[in-house]
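These notes concern the structure reproduced below.
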Number of protein chains: 2
Amino acid sequence: MTPLTGYVGYALRRAQQTIFADCNHALAKLNLRPGQFAVLLTIDQNPGASQSSVSAALGIQKANFVATIADLENRGLVRRRKSDTDGRTYSLSLTPRGRSLLQHASELQSVHEARVTAQLGNEGRQQLLCLLERLMALPGAGQLK
Amino acid sequence: MTPLTGYVGYALRRAQQTIFADCNHALAKLNLRPGQFAVLLTIDQNPGASQSSVSAALGIQKANFVATIADLENRGLVRRRKSDTDGRTYSLSLTPRGRSLLQHASELQSVHEARVTAQLGNEGRQQLLCLLERLMALPGAGQLK
DNA sequence: TATTGTTATACTCTATAACTATA
DNA sequence: TATAGTTATAGAGTATAACAATA
């Protein structure tokens with residue numbers, strides 16, 4: 001049957017589901033979903049950033065980010081501190097436990113990424129990343145609102 | 001900020017969202033979502049197929065396929081006929097109106113696909129399709145159940 | 001026993017509008 | 001006025017268990 005061969009959108013969706021399932025399985029030991037991993041990584045790379053800036057960088061609506069960040073805070077992985085200079089914003093940072101978990105998660109993610117590399121080859125993986133980056137620059141993209 | 005560069009899974013997710021939004025916008029005039037387009041196309045290419053086989057080919061749980069097919073039937077696009085040889089199954093086919101809509105949708109989809117090709121080049125698009133197909137063959141994939 | 005289609009249910013992700021408090 | 005964070009809500013997509021009818 002195998003329908004829809006040759007449609008980039010469909011191939012993207014199926015490949016994304018496959019890779020997501022593999023990544024999800026890799027991180028499940030830490031009770032982390034891929035999206036949560038992305039949040040922790042972004043906060044680690046941008047300590048002190050606000051919720052809005054982190055959620056915007058990840059393409060997540062700020063409204064939908066509230067529950068995510070609350071969960072990570074409740075688990076003792078993320079710290080929210082009221083900004084000194086702007087009473088509206090919270091400064092996000094990782095707790096020591098958050099950094100430790102992220103370190104562990106990064107190792108698991110590396111194993112997952114190695115499976116991808118084993119499948120595509122190093123060159124193929126680089127090609128794919130380059131092509132996907134170009135796709136994200138599609139005219140009209142980023143105008144979700 | 002731009003985090004998570006170099007992660008295939010993350011790049012896939014973002015690119016898929018971009019392409020999906022573009023495809024969704026292209027088909028919105030027909031009140032068709034990309035998933036419904038895929039269903040119509042699969043039925044057209046496999047007339048008489050059962051719900052189970054179509055949903056399995058598209059990676060959709062049969063339970064979740066019920067509402068989808070009911071909607072397409074209610075809109076007069078898909079016909080469900082009880083099989084002569086197997087009283088359990090329904091044979092799916094497109095109505096004339098379904099074929100007409102699919103024809104129109106295919107044209108809109110082609111315009112969308114042309115935008116992708118304009119972004120990646122013909123060669124880049126072919127490379128991407130090839131790489132995504134290899135990704136879907138990732139060991140452990142297709143074992144969702 | 002196994003399979004098809006179905007119902008019920010639940011969880012995740014996403015999208016929008018409206019509110020508050022701060023700026 | 002505009003922005004940050006919040007709440008409420010709704011719509012997709014996806015996953016599992018269990019059932020009736022049929023094989």
Side-chain angles (χ1 to χ4, degrees), chain A residues 9-10 12-14 16-18 20-21 23-25 27-28 31-39 43 48-74 78 80-92 142-145, chain B residues 9-10 12-14 16-18 20-21 23-25 27-28 31-39 48-74 78-92 142-145:
Chain A
Y10 187 73
L12 266 176
R13 174 176 164 267
R14 297 302 294 265
Q16 202 269 332
Q17 286 177 328
T18 297
F20 184 91
C23 179
N24 194 54
H25 183 262
L27 295 175
N31 203 24
L32 260 196
R33 273 161 291 142
Q36 296 174 312
F37 173 67
V39 171
I43 294 174
S50 67
Q51 288 187 200
S52 286
S53 59
V54 171
S55 65
L58 293 170
I60 302 171
Q61 306 285 135
K62 62 178 181 173
N64 295 326
F65 197 61
V66 174
T68 299
I69 211 69
D71 178 60
L72 294 175
E73 189 186 23
N74 289 337
V78 166
R80 286 186 344 138
R81 218 190 79 243
K82 262 192 142 20
S83 166
D84 303 330
T85 59
D86 189 334
R88 296 172 299 180
T89 72
Y90 286 96
S91 290
L92 301 178
Q143 301 175 358
L144 300 181
K145 178 65 193 300
Chain B
Y10 187 74
L12 266 176
R13 174 176 165 267
R14 297 302 294 265
Q16 202 269 333
Q17 285 177 328
T18 297
F20 185 91
C23 179
N24 194 54
H25 184 263
L27 295 175
N31 204 23
L32 261 195
R33 273 160 291 141
Q36 296 174 313
F37 172 68
V39 170
S50 67
Q51 290 187 200
S52 285
S53 58
V54 171
S55 65
L58 293 171
I60 302 171
Q61 306 286 133
K62 61 179 182 174
N64 296 327
F65 197 60
V66 174
T68 300
I69 211 68
D71 177 61
L72 294 175
E73 189 187 24
N74 289 337
V78 165
R79 193 173 63 133
R80 287 186 344 137
R81 218 190 80 242
K82 261 192 143 18
S83 166
D84 303 329
T85 58
D86 189 334
R88 296 171 299 180
T89 71
Y90 286 95
S91 289
L92 300 178
Q143 301 175 357
L144 300 180
K145 177 64 191 304

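Hydrogens, waters and symmetry mates play no part in the numbers below; they use all other heavy atoms, side chains included. Chain A is the first sequence line, chain B the second, and so forth, proteins listed ahead of strands; every chain is numbered from 1.
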Note to self: If you compare all heavy atoms of A/Pro34 against all heavy atoms of A/Phe20, which two are closest, and at what distance to 0.1 Å?
What the structure shows: CG-CE1, 3.6 Å
Next item on the list: State the CG-CZ distance between B/Leu92 and B/Arg80, to the nearest 0.5 angstrom.
Entry: 7.5 Å
Check: Please give, in whole Å, the distance from C/dT14 C1' to A/Phe20 CZ?
Finding: 13 Å
Check: CZ/A/Arg33 to CG/A/Asn24 distance, rounded to the nearest 0.5 angstrom?
Finding: 8.5 Å
Next item on the list: For C/dC13, take OP1 and OP2 only and decide whether either is under 4.0 Å from a side-chain N or O of B/Gln17.
Entry: no
Next item on the list: Starting from C1' on D/dG13, measure out to CG on B/Asp71 and report it in whole angstrom.
Entry: 15 Å
Next item on the list: Rounded to the nearest angstrom, tell me the gap between atom CG in A/Asn64 and atom P in D/dA10.
Entry: 15 Å
Next item on the list: Starting at atom CD of A/Gln61, determine the distance to atom P of D/dG5, rounded to an integer number of angstrom.
Entry: 14 Å
Margin query: As an exercise, state the distance from OH of B/Tyr90 to CD1 of B/Ile69, rounded to the nearest 0.5 Å.
Written below: 12.0 Å
Next item on the list: Rounded off to whole Å, could you give me the CG-to-P distance for the A/Leu58 and C/dA15 pair?
Entry: 14 Å
Margin query: Nearest whole Å is fine: how far is D/dA12 P from B/Leu32 CG?
Written below: 13 Å
Margin query: Please report the interatomic distance OG1(A/Thr68) to CD(A/Gln51), rounded to the nearest 0.5 Å.
Written below: 10.0 Å
Next item on the list: Any chance you could measure A/Phe37, atom CZ, to A/Leu32, atom CG, to the nearest 0.5 Å?
Entry: 8.5 Å
Item checked: Between C/dA15 (P) and B/Arg33 (CZ): distance, integer Å -> 14 Å
Check: Is A/Arg13 near enough to D/dA12 that one of its side-chain N or O atoms lies under 4.0 angstrom from OP1 or OP2?
Finding: no
Notebook entry, point to check: Which residue lies toward the 5' end of DNA chain C, B/Ser53 or A/Ala63, if each is placed at its nearest nucleotide?
Noted result: B/Ser53
Next item on the list: Give a yes/no on whether any side-chain N or O of B/Ser52 is located under 4.0 angstrom from OP1 or OP2 of C/dG5.
Entry: yes
Next item on the list: Going 5' to 3' through nucleotides 18-23 of chain C, assign each nucleotide B (protein heavy atom under 4.0 Å from a base atom), S (under 4.0 Å only from sugar-phosphate atoms) or - (no protein heavy atom that close).
Entry: ----BS
Check: From A/Leu58 CG over to A/Ser53 OG, what is the distance, rounded to the nearest 0.5 angstrom?
Finding: 9.5 Å
Notebook entry, point to check: So what does A/Phe65 hit on the nucleic acid, given a heavy-atom distance under 4.0 Å: a base, only sugar-phosphate, or nothing?
Noted result: nothing
Notebook entry, point to check: Roughly how many Å is it from CG in B/Asn31 to C1' in D/dG11, rounded to a whole number?
Noted result: 14 Å
